[in-house]
Amino acid sequence: MKHIVIKTEDRIANIFLDRGKSNAIDMVLLQELNTTIQELKLDPAIEGVIIHGKEGFFSAGLDLIALYDYGEAEIKAFWTLFLKNTKDLASFPKPLVAAISGHSPAGGCVIALCCDYRIMAEGNFIIGLNEIPVGLIVPDSIFHLYSFWLGKANAYRFLLEGKLLTPQEALTVGLVDEVVSPNAIQTTALRKIKSVTQFDKETWQSCKLNFRSELFEQLTVKQEETIEKILVQWWKPSTRSILKTIIDNLTNKKK
C-alpha cells in the first residue's frame, strides 16, 4: 500500500491514512481504502476497525489539485469508486470507529459519517460538508448519510450553506460522539471499539445491518444518474473557475 498503513493488535485493525500532510483523497488512496475494507470485511481474525488520520488532519477531503487534471474517463472512474466506497464503508458489518485527529471537511467527513462512532480531537479544527460552495453537486445519497446522524432539517440547512463545524458544535448536533484531547484520541477509540466487540458478534452485526437497511437503499439507488449529474457540473466553466481559484489559493499557501 502506498497511502495506507495497517496495524493489527488484539483482533482490531487500525487503518492509518498516510498521504501527504493532509490525507487529501485521490484515486490511489480511494482504491487502497476500498481494497482494505473489502479484505478486512472477509477476514475472520478481525473483529473491528479503527480509521486514523494524522496529527492535525483526519482527511482534508478530495485532492482538488490532482482531480482537476483528471481526464473524462479518470474523473468518472473516481466518482464511481467514491460512491461505491461510501456504500461499502457504510455497510461494513463489523464495528467501525473514526479517530478524527484534526480537520475533516468534505470527503474526509464522508468517511467519518460511514462509521458507527466518531471521536474527534479538540482544537481549532473543522468538520462538515462544504461541497456546494465549492461548486460540486451533493449526491442525494450523501444527504441521506448526513441526515442519518444529524436529522433531515440540520442536514438540509448545513449542506445548503456549506457549514463547517468546530468539534464542540459537531458534538452538540450529533455529528461526532466524543471530543477528547489529541493525545487521547487513539486510546479512546480503542476503548470504544473494545466495548462493542465484547457483544455477541452475529447479534451486533445483524442489528447494525437491520438498522441501516433504509440507508443502504439510499446509497445504491440511481448511482449512474447521480454520477452523470456530478460530471455535468464538474465540467461546467463556472465550476472549473471556482476549483481553479481554490487550487491557486492552496498552491500559494504551500509556497
Side-chain angles (χ1 to χ4, degrees), residues 1-67 77-78 81-123 125-127 167 176-197 250 254:
M1 293 284 180
K2 186 177 180 182
H3 299 311
I4 282 181
V5 177
I6 304 171
K7 297 181 181 179
T8 302
E9 184 177 354
D10 198 17
R11 302 179 73 84
I12 303 299
N14 293 274
I15 299 175
F16 292 88
L17 305 180
D18 185 24
R19 183 170 185 265
K21 177 183 177 181
S22 63
N23 283 329
I25 303 167
D26 71 344
M27 189 63 164
V28 176
L29 176 57
L30 200 58
Q31 289 170 333
E32 292 182 356
L33 179 58
N34 194 253
T35 297
T36 300
I37 285 297
Q38 296 297 339
E39 291 174 350
L40 295 177
K41 174 183 177 180
L42 299 174
D43 188 344
I46 298 301
E47 296 182 351
V49 175
I50 303 173
I51 303 179
H52 304 263
K54 293 184 171 183
E55 182 179 354
F57 283 93
F58 180 67
S59 170
L62 305 187
D63 186 346
L64 296 178
I65 296 175
L67 269 58
F78 176 85
L81 182 58
F82 182 85
L83 293 180
K84 178 183 183 301
N85 189 68
T86 301
K87 175 182 68 69
D88 290 346
L89 278 170
S91 60
F92 188 73
K94 303 173 185 180
L96 188 61
V97 173
I100 307 170
S101 49
H103 297 298
S104 188
C109 182
V110 171
I111 292 174
L113 287 168
C114 295
C115 297
D116 302 297
Y117 202 80
R118 285 162 298 285
I119 300 160
M120 189 168 187
E122 60 188 8
F125 303 125
I126 50 92
I127 185 172
V176 301
D177 301 284
E178 286 188 67
V179 175
V180 301
S181 64
N183 60 7
I185 193 165
Q186 292 193 18
T187 55
T188 305
L190 182 60
R191 184 197 71 232
K192 179 57 188 180
I193 206 163
K194 283 291 187 182
S195 72
V196 174
T197 54
L250 291 172
K254 290 181 179 180

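Numbering starts at 1 and runs along the sequence shown. Because the structure is a prediction, the values reported are computed rather than measured.
Atoms CZ and CG, on F16 and N23 in that order, are 11.5 Å from each other to the nearest 0.5 Å. With rounding to the nearest 0.5 Å, the separation of CG in N34 from CG in L29 is 11.0 Å. The structure places OG1 of T86 at 9.0 Å from CG of L81, a figure rounded to the nearest 0.5 Å. Here E178 contributes atom CD and E122 contributes atom CD; the two are 12.0 Å apart, rounded to the nearest 0.5 Å. How far CG of L62 is from CG of L67: 6.0 Å, rounded to the nearest 0.5 Å. Atom CZ in R118 sits 9.5 Å away from atom CG in L96 (nearest 0.5 Å).
At least one side-chain heavy atom of L89 sits less than 4.5 Å from a side-chain heavy atom of I51. Considering only heavy atoms from C-beta on, I25 stays 4.5 Å or farther from L33 through its side chain. The side-chain heavy atoms of I127 and F125, taken from C-beta on, include no pair separated by under 4.5 Å. Side-chain contact check for K192 versus I50: every heavy-atom pair is 4.5 Å or farther apart. Taking 4.5 Å as the limit, some side-chain heavy atom of I15 sits within range of a side-chain heavy atom of I37.
Applying the salt bridge (charged side-chain N to carboxylate O under 4.0 Å, His left out) definition to pairs two or more places apart or across chains, those involving residues 25-40 are R19-D26. Every pair tested for side-chain hydrogen bond (donor to acceptor under 3.5 Å, both in side chains) that includes a residue from residues 89-101 fails, sequence neighbours excluded, so the list is empty.
With sequence neighbours excluded, no residue satisfies ring-ring contact (aromatic ring centres under 6.0 Å, His included) with H3. With sequence neighbours excluded, the residues satisfying ring-ring contact (aromatic ring centres under 6.0 Å, His included) with F82 are W79. Here Q38 pairs with D88 under the side-chain hydrogen bond (donor to acceptor under 3.5 Å, both in side chains) rule; sequence neighbours left out. Taking D116 as the reference, K208, R212 meet the salt bridge (charged side-chain N to carboxylate O under 4.0 Å, His left out) condition, with sequence neighbours excluded. With sequence neighbours left out, the ring-ring contact (aromatic ring centres under 6.0 Å, His included) criterion links F92 to no other residue. Looking at residues two or more places apart in sequence or on another chain, you find no side-chain hydrogen bond (donor to acceptor under 3.5 Å, both in side chains) involving Q31. When the side-chain hydrogen bond (donor to acceptor under 3.5 Å, both in side chains) test is applied to D177, no partner is found at least two apart in sequence or on another chain. Residues that satisfy the salt bridge (charged side-chain N to carboxylate O under 4.0 Å, His left out) test with K54, not counting sequence neighbours, are D18.
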N/O donor to acceptor pairs below 3.5 angstrom from side-chain atoms of residues 102-114, sequence neighbours left out:
from, atom 1, to, atom 2, distance (Å)
H103, ND1, I126, N, 3.2
S104, OG, G108, O, 3.2
S104, OG, C109, N, 3.4

Show me the donor-acceptor pairs, under 3.5 Å and distance only, between side chains in residues 5-12 and residues at least two apart or in other chains.
from, atom 1, to, atom 2, distance (Å)
D10, OD2, K194, NZ, 2.5
R11, NE, E47, OE2, 2.7
R11, NH2, P44, O, 3.2

For this session: Would you please test I185 and H52 for side-chain contact (heavy atoms from CB on, under 4.5 Å) and show each step?
Result: CA-CA 9 Å; I185 193 165; H52 304 263; over 6 Å; no
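A pairwise comparison of heavy atoms in I193 and P95 identifies CD1-O, 3.7 Å as the closest pair.
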